[in-house]
Number of protein chains: 2
Amino acid sequence: MKNEKLAIRMAGEISLAENPGVVIKKWRDIFNISQKELSRKLQVSPSVISDYESGRRKSPGTKFVSRIVTSLLVVDEGRGGKVIKEYGKLMEGTKFFEAILAIKEFAEPRKIKEIIRVSESEFLVGEKNLDNAVYGYTVVDSVKAILELSPLELSMIYGSTTQRALFFTRVKRGRSPLLAIKLTSLRPSLVVLHGIEGSPDPLALELAKRERLPLAFSHVDTVENLVSKLRELD
Amino acid sequence: MKNEKLAIRMAGEISLAENPGVVIKKWRDIFNISQKELSRKLQVSPSVISDYESGRRKSPGTKFVSRIVTSLLVVDEGRGGKVIKEYGKLMEGTKFFEAILAIKEFAEPRKIKEIIRVSESEFLVGEKNLDNAVYGYTVVDSVKAILELSPLELSMIYGSTTQRALFFTRVKRGRSPLLAIKLTSLRPSLVVLHGIEGSPDPLALELAKRERLPLAFSHVDTVENLVSKLRELD
DNA sequence: TAAAGGTTACGTCATTTGACGTTTGTGAAG
DNA sequence: CTTCACAAACGTCAAATGACGTAACCTTTA
């Protein structure tokens with residue numbers, strides 16, 4: 001969907017509220033849509049909306065919440081999307097969240113070779129640092145990260161600790177990820193590429209050598225499996 | 001709550017998913033919590049969790065979603081908050097969202113005097129520009145905005161259009177809001193203060209004069225009423 | 001003062017949820 | 001080869017949802 005972030009925010013607020021009806025009303029007011037119009041879109045009678053907002057029904061199911069949120073967004077869209085546009089602007093800051101597939105800080109530091117083992121990876125550059133400490137890892141979708149994020153956001157992806165492993169998935173040949181690392185002056189203690197088609201890019205290798213970055217690529221078949229294998233650590 | 005943003009995201013994702021159980025499992029996996037442990041925290045039998053994750057029950061109520069999300073967060077907190085910390089970092093970008101109480105772009109431009117009328121305001125500075133055009137408004141909680149946001153975030157609050165009205169609520173005497181405007185070089189076409197206790201700060205008036213900013217203060221009793229009066233515009 | 005539009009309040013009823021306990025798979029760890 | 005822990009699969013049942021329709025209740029506005 002297009003307004004996913006706003007939708008998630010709305011649905012989340014409604015679900016966490018100790019009185020969901022109040023929050024439903026709040027959003028309906030923001031969108032300036034009457035109970036009647038909303039109910040028409042939802043294909044239910046207006047009293048249903050009222051029952052929720054007034055608190056007779058206290059815990060709408062996710063299906064219902066989802067329908068309400070979607071209806072509000074759809075109606076607004078039909079009116080030119082005024083509300084969506086305004087809020088959309090404000091939600092752009094959360095974009096980079098989507099590029100992050102997994103992130104974790106270890107209780108105990110791990111050695112690079114452990115990360116390599118568990119992620120079924122093979123070294124490309126820098127095999128000397130096998131025992132260096134790694135304090136956590138971040139797995140990013142490199143396509144989303146590189147295409148959609150600003151350099152500032154890119155650097156935010158990377159946690160505060162510097163000694164971390166950085167996994168890039170959906171990598172073609174490894175050029176852009178290494179370039180991105182150079183440009184954002186990130187200093188991960190290990191970079192792992194996943195999903196390489198064919199042979200790694202020579203420039204990528206050269207960059208890794210110059211920056212003295214240990215570089216590896218993972219043989220795990222799918223991104224999901226990579227993530228779940230990593231999760232086993234700690 | 002402390003991890004509100006993460007909680008909202010989780011609850012929102014679960015609620016919007018066309019199969020909520022899958023998303024519940026996803027988050028349970030991320031937090032590395034077994035069905036059993038989660039069920040203990042939730043005070044239900046483990047099969048309940050399983051029933052959801054496996055899809056037998058398809059649309060959990062908001063109460064249940066809320067309990068699950070909270071339990072996951074609480075368990076993680078008890079373990080030192082590893083996951084929360086990582087994700088928390090990533091959610092900080094959404095902080096400024098909370099400082100915004102209302103925001104809107106008009107279909108047709110309005111005149112300053114209309115904004116003044118509908119918001120029941122009185123001029124402090126700059127009564128000459130009554131007919132200037134205003135293309136939208138933003139209402140911010142000045143305490144949150146000034147205490148919690150960086151200058152960059154502060155300037156993001158302000159929409160893309162420059163000719164907008166900027167409302168500050170929970171204002172003490174108006175000094176900080178005007179200072180913030182000066183420091184972020186915002187150029188609203190109208191600034192309205194709400195909730196002033198006693199007389200406006202002389203420095204605020206001076207700043208407004210120097211910057212040639214039309215400045216007013218609103219008499220509306222509550223923030224809610226101010227927002228709903230503004231919503232009538234358009 | 002009616003009429004209109006929006007909202008609340010009920011009464012009713014089929015379908016689901018929320019919950020239990022027990023049983024049946026399924027890997028890892030001994 | 002067994003155990004153990006985890007998760008899936010049922011069967012069951014009271015309580016709540018999801019839904020309807022109608023009547024009552026406020027504000028505007030004609």
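Chain A is the first sequence line, chain B the second, and so forth, proteins listed ahead of strands; every chain is numbered from 1.
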- Please state how far atom CZ in B/Arg67 lies from atom P in C/dT17, giving the value in whole angstrom units. 16 Å

- Query: B/Leu38 CG to D/dC6 C1': how many Å, rounded?
  - Reply: 13 Å

- Note on the structure: Here the distance between atom P of C/dT17 and atom CD1 of B/Ile24, to the nearest Å, is 12 Å

- Message: Less than 4.0 angstrom from a charged side-chain N to a carboxylate O is my criterion; do B/Glu18 and A/Lys63 meet it?
- Response: no

Taking distance alone, no hydrogens or angles, what donor-acceptor pairs closer than 3.5 Å link side-chain atoms of residues 37-44 of chain B to residues at least two apart or in another chain?
| residue | atom | partner | partner atom | Å |
| --- | --- | --- | --- | --- |
| B/Glu37 | OE1 | B/Arg79 | NH2 | 3.0 |
| B/Ser39 | OG | B/Gln35 | O | 3.3 |
| B/Ser39 | OG | B/Lys36 | O | 2.6 |

- Item | Point-to-point distance, once rounded to the nearest 0.5 Å, from CZ of B/Phe168 to CG of B/Leu215 | 10.0 Å

- Task: Report which part of the nucleic acid A/Ser50 touches: base, sugar-phosphate, or nothing (heavy-atom distance under 4.0 Å, all strands).
- Result: base

- Message: Test of understanding: with side chain to side chain contact (heavy atoms under 4.5 Å, CB included), list the residues that count as partners of A/Asp141, not counting sequence neighbours.
- Response: A/Leu101, A/Val143, A/Lys144, A/Thr169, A/Arg170

- Note on the structure: Rounded to whole Å, the CD-P distance (A/Gln43 to D/dG21) equals 13 Å

- Message: Measuring from atom NE2 of B/His194 to atom CZ of B/Phe167, what distance do you get when rounded to the nearest 0.5 angstrom?
- Response: 9.5 Å

- Counting just side-chain N and O atoms, does B/Gln35 come under 4.0 Å of either OP1 or OP2 of D/dA8? yes

- Message: Classify the ring geometry of A/Phe31 against A/Trp27: parallel below 30°, tilted from 30° to 60°, perpendicular beyond 60°.
- Response: tilted

- Whole angstrom is fine here: how far is it from CZ in B/Arg28 over to P in D/dA7? 5 Å

- Message: Whole angstroms only, please: what is the CD-C1' distance between B/Glu232 and D/dT28?
- Response: 12 Å

- Item | Nearest-Å distance for atom pair CZ/P, residues B/Phe64 and D/dA15 | 18 Å

- Message: Is A/Arg40 close enough to C/dG6 that one of its side-chain N or O atoms is under 4.0 Å from OP1 or OP2 there?
- Response: no

- Any side-chain N or O of B/Arg57 less than 4.0 Å from the OP1 or OP2 oxygen of C/dA19? no

- Task: Report which part of the nucleic acid B/Pro46 touches: base, sugar-phosphate, or nothing (heavy-atom distance under 4.0 Å, all strands).
- Result: nothing

- Message: If I take atom NZ in residue A/Lys36 and atom P in nucleotide D/dT22, what distance separates them, rounded to the nearest angstrom?
- Response: 14 Å

- Query: Is the side chain of B/Asn132 donor-acceptor paired with the backbone N or O of B/Ile112 at a distance under 3.5 Å, no angle test?
  - Reply: no

- Task: Remember a base hit wins even if backbone is also touched, and classify B/Lys63 as base, sugar-phosphate or nothing at under 4.0 Å, heavy atoms.
- Result: nothing

- Message: Treating primed atoms plus P, OP1 and OP2 as sugar-phosphate and everything else as base, which nucleotides of nucleotides 21-30 of chain C get B, S or - for protein heavy atoms under 4.0 Å?
- Response: B---------

